[in-house]
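For this chain, numbers begin at 1 and follow the sequence in order.
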Amino acid sequence: MKEYIITIDAGSTLNIDDCNKYNIIPLRREYIFNDKVFKDNLNTNEYSLYYKNVRKGIKPTLLNINQYVYLDFWYKYLLEGKQILHFSIGSKEYKSACQAKSTFEEMFNKKVITIINPKNDIFSAGILAIEASKYRDQNLDLETTCDKITQRINSLKVYDLDNKSKKSLGINIKYLKNTCTNQSYCYIVHSDNIMMAKKYGKILKNKYGINNIKYSYVSPYKIDKTNINQLKFYCL
């Protein structure tokens, strides 16, 4: 079986600890903040400093993405003979990644990169990449892993968690109780409102029996002042 690696776009909600734990390689993007260029280290301690400015209407801005970013990112892994399973989080990222994929496959004269673009929600790429890493650790080949992930995309459920959505959440609780088991991957994605996220996590666990809930920060450059308090619940 040919060895493959899993890569993912920056801004997927996976922090550097998650990436290291599940052996997922992130594309670290550069961004501008206060007229200075920084590299995204996927470090939640660094993110917390930026959230304060986002709340004031100031936020980091990602530098433009293009195919050359992916060509540089993937090249060394392909030279090592590895295949790549990449999770994309947005339309611009996906287009640029596909252009780089075409260039490499013409160069190597074979398929070397598979790109998964979960269009239902850009932040779902992180939880799907974790799922893929578990299949890889079970020694499933790339084709089988991709087939399973495609099926899982269809079963992924995303809900907004806030005061306005309590009614809609209640309507779906019966469904959630039947689908979110101890074996499910459940994530609440948040910015710096971790206390509110854990409050909802406690409700979902104690009142509705949904266990195995994890928490993940969203990158400061993927939100703005209007939606910084938004919470999303993912069940896979």
Novice: What is the distance from atom NZ of Lys232 to atom NE2 of His190, rounded to the nearest 0.5 Å?
Specialist: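 Between atom NZ of Lys232 and atom NE2 of His190 there are 14.5 Å.
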Novice: Determine, for Tyr77 and Lys82, whether the Lys NZ or Arg CZ falls below 6.0 Å from the six-membered ring centre while staying within 45 degrees of the axis.
Specialist: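 The answer is no; the distance or angle limit is not met.
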Novice: Using only heavy-atom distances, determine whether the side chains of Asn64 and Arg29 contain a donor-acceptor pair under 3.5 Å.
Specialist: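 Side-chain D/A pair, Asn64 to Arg29: absent.
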Novice: Starting from Ile113, can I reach Leu140 by hopping between I/L/V/M/F/W/Y residues whose side chains sit under 4.5 Å apart?
Specialist: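 Cluster IDs for Leu140 and Ile113 differ.
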Novice: Walk me through it: do Thr114 and Tyr4 pass the test side chain to side chain donor-acceptor pair (under 3.5 Å)?
Specialist: CA-CA 10 Å; Thr114 301; Tyr4 64 95; over 6 Å; no
Novice: Does a side-chain heavy-atom distance below 4.5 Å link Tyr217 with Ser191?
Specialist: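 Of all side-chain heavy-atom pairs linking Ser191 with Tyr217, none is under 4.5 Å.
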Novice: Over 60° means perpendicular and under 30° means parallel, so tell me whether Tyr47 and Tyr51 are parallel, tilted or perpendicular.
Specialist: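 Answer is perpendicular, since the angle exceeds 60°.
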Novice: Assess the side chains of Asp40 and Tyr221: does a donor N or O sit below 3.5 Å from an acceptor N or O?
Specialist: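 Side chains of Asp40 and Tyr221: pair found under 3.5 Å.
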Novice: Between the side chains of Ser96 and Tyr68, is a donor N or O closer than 3.5 angstrom to an acceptor N or O?
Specialist: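 There is no such pair between these side chains.
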Novice: Are Leu14 and Leu27 co-members of a hydrophobic cluster defined by side-chain heavy atoms under 4.5 Å apart?
Specialist: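 Unlinked, Leu27 and Leu14 end up in two clusters.
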Novice: Please verify the inter-ring angle class for Phe108 with Phe104; under 30° counts as parallel, over 60° as perpendicular, anything in between as tilted.
Specialist: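 Correct class here is tilted.
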Novice: With a 4.0 Å cut-off, would you call Asp192 and Lys52 a salt bridge?
Specialist: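 No, this pair does not count.
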Novice: Answer yes or no: is there a side-chain heavy-atom contact under 4.5 Å between Cys19 and Leu42?
Specialist: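 They are in side-chain contact.
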Novice: Is a donor from one side chain sitting under 3.5 angstrom from an acceptor on the other, for Thr150 and Asp147?
Specialist: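 Side chains of Thr150 and Asp147: no pair found under 3.5 Å.
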Novice: Can you find a side-chain donor-acceptor pair between His86 and Asp9 that sits under 3.5 Å?
Specialist: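 Distance-only check passes for His86 and Asp9.
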Novice: Going by atom types only, do Glu131 and Tyr135 share a side-chain donor-acceptor pair under 3.5 Å?
Specialist: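 Result is yes, a qualifying pair exists.
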